[in-house]
Amino acid sequence: MATVLKSNQREFKEDRDKIDGFRIFSDVSIAKKGIQPQNLNFDLRQLNPGQYCAAYHFHRYAEELFMIISGSATLRTPKGLEVVEHGDLIFFEKGETGTHQLYNHTAEPCVYLDIRTFIGYDVCEYPDSNKIFLVPSYEIFAKDTQRNYFDGEENVRDKWKEIENERE
């Protein structure tokens, strides 16, 4: 079934759990229409003056596409800073080369369409803060605490003996 989201029915609301500097607004008409995408997630976003879209990040398992609907913003990527404006399409491949962040450097709101592939999970990395974010569980870890697969598993025989003794 096709669902039409009329431009005159858009209702932007601030995303919950955001902090100053990251007060992005999303069009809630998508949820109100009961749209629940399986593999192609999308949001219509409004980035107000002086706001960032998210922390500087990349996705390990998702591609992303922005289309600037109105206004202008500055895009940060591994190549540096670039102004994007009405009509521009910006594609972010998965992996480090797709690292990105959008900042509204203007006095007017910037509205953009954010489209992302989704295969049921993703891992986002944040190079500035050295974090890893697991989606959809919303678990966040410091990347510098990375461990070897067998760390803490050295005494497996002792653990088994403990379990066997509990059963007796």
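No hydrogens, no waters, no symmetry mates; every other heavy atom, side chains included, goes into these values.
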Check: Is there a donor-acceptor pair closer than 3.5 Å between any side-chain N or O of Ser72 and the backbone N or O of Val84?
Finding: yes
Checklist line | Distance (rounded to the nearest 0.5 Å) between Ser70 OG and Gln46 CD | finding: 8.0 Å
Notebook entry, point to check: Should we say atom CD of Glu82 is surrounded by more than 12 heavy atoms from elsewhere, each under 6.0 Å from it?
Noted result: no
Check: Given the rule that I, L, V, M, F, W and Y join up when any side-chain heavy atoms are under 4.5 Å apart, are Leu113 and Val111 in one cluster?
Finding: yes
Notebook entry, point to check: From Arg76 CZ over to Thr99 OG1, what is the distance, rounded to the nearest 0.5 angstrom?
Noted result: 9.0 Å
Notebook entry, point to check: Which pair of heavy atoms, one from Cys124 and one from Val135, lies closest together, and at what distance?
Noted result: SG-CG2, 4.5 Å
Next item on the list: May I ask you to check whether Phe66 and His100 place their ring centers less than 6.0 Å from one another?
Entry: yes
Note to self: According to a hydrophobic-cluster definition based on side-chain heavy atoms being under 4.5 Å apart (Ile, Leu, Val, Met, Phe, Trp, Tyr only), do Ile68 and Leu81 belong together?
What the structure shows: no
Notebook entry, point to check: Is it true that atom CD of Glu96 has more than 12 heavy atoms of other residues, nucleotides or ligands lying nearer than 6.0 Å?
Noted result: no
Check: Do any N or O atoms from the side chain of Asn39 and from the backbone of Phe118 form a donor-acceptor pair under 3.5 angstrom?
Finding: yes
Next item on the list: Please step through side-chain contact (heavy atoms from CB on, under 4.5 Å) for the pair Val4 and Lys6, ending with a clear verdict.
Entry: CA-CA 6 Å; Val4 177; Lys6 295 287 193 179; 4.0 Å; yes
Note to self: To the nearest 0.5 Å, what is the distance between CD on Gln51 and CZ on Arg23?
What the structure shows: 7.5 Å
Check: Are the side chain of Gln101 and the backbone of Ala54 linked by a donor-acceptor contact shorter than 3.5 Å?
Finding: yes
Notebook entry, point to check: Which heavy atom of Tyr56 sits nearest a heavy atom of Pro78, and at what distance?
Noted result: OH-N, 3.2 Å
Item checked: From CD (Glu63) to CG (Leu40), nearest 0.5 Å -> 11.0 Å
Next item on the list: Treating Ile, Leu, Val, Met, Phe, Trp and Tyr as nodes and any side-chain heavy-atom pair under 4.5 angstrom as an edge, say whether Ile115 and Ile35 lie in one connected cluster.
Entry: yes
Check: Are the side chain of Gln146 and the backbone of Asp144 linked by a donor-acceptor contact shorter than 3.5 Å?
Finding: no
Next item on the list: Could you tell me which non-hydrogen atom of Arg60 sits nearest to which non-hydrogen atom of Asp122, and how far apart they are?
Entry: N-OD1, 3.4 Å
Notebook entry, point to check: Between Phe58 and Thr97, is any pair of side-chain heavy atoms under 4.5 Å apart?
Noted result: no
Item checked: Rounded distance (nearest 0.5 Å) linking atom NZ of Lys13 with atom CG of Asp27 -> 11.0 Å
Notebook entry, point to check: Same cluster or not: are Leu89 and Leu75 linked, directly or through other Ile, Leu, Val, Met, Phe, Trp or Tyr residues, by side-chain heavy atoms under 4.5 angstrom apart?
Noted result: no
Margin query: With a 6.0 Å cut-off (strictly less than), is the heavy-atom count around CD of Glu154, excluding the residue itself, greater than 12?
Written below: yes
Notebook entry, point to check: Side chains of Leu5 and Phe42: does their closest heavy-atom pair fall under 4.5 Å?
Noted result: yes
Item checked: Sidechain-backbone polar pair: Asn130 side chain, Ala142 backbone, donor-acceptor under 3.5 Å -> no
Check: Hey, is the main chain of Gly71 close enough, under 3.5 Å, to the side chain of His86 for a donor-acceptor pair?
Finding: no
Checklist line | Any side-chain heavy-atom pair of Val156 and Phe150 under 4.5 Å | finding: no
Next item on the list: Look at the side chain of Asn165 and the backbone N and O of Glu162, then say whether any donor-acceptor pair between them is shorter than 3.5 Å.
Entry: no
Item checked: Co-membership, hydrophobic cluster, residues Val28 and Ile69, 4.5 Å side-chain -> no
Next item on the list: Indicate the atoms forming the closest heavy-atom contact of Thr117 with Tyr61, along with that distance.
Entry: OG1-O, 4.3 Å
Checklist line | Contact summary for His105 and Val83, nearest pair of heavy atoms | finding: CE1-CG1, 4.1 Å
Checklist line | Min side-chain heavy-atom separation Tyr112-Cys53 under 4.5 Å | finding: yes
Notebook entry, point to check: Would you say Asp43's side chain and Arg45's backbone share a donor-acceptor pair under 3.5 angstrom?
Noted result: no
Notebook entry, point to check: With ring centroids as reference points, do Tyr138 and Phe133 lie under 6.0 angstrom apart?
Noted result: yes
Item checked: CD (Glu139) with more than 12 external heavy atoms under 6.0 Å -> yes
Next item on the list: Work out which heavy atom in Asn104 is nearest to a heavy atom in Ala73; give both atom names and the distance.
Entry: CA-CB, 4.2 Å
Checklist line | Asp114 CG to Ser26 OG distance, which is reported to the nearest 0.5 Å | finding: 8.5 Å
Next item on the list: Could you give me the CA-CA distance, side-chain angles and deciding distance for Gln9 and Lys32, then say whether side-chain contact (heavy atoms from CB on, under 4.5 Å) is met?
Entry: CA-CA 11 Å; Gln9 296 174 345; Lys32 285 184 174 181; over 6 Å; no
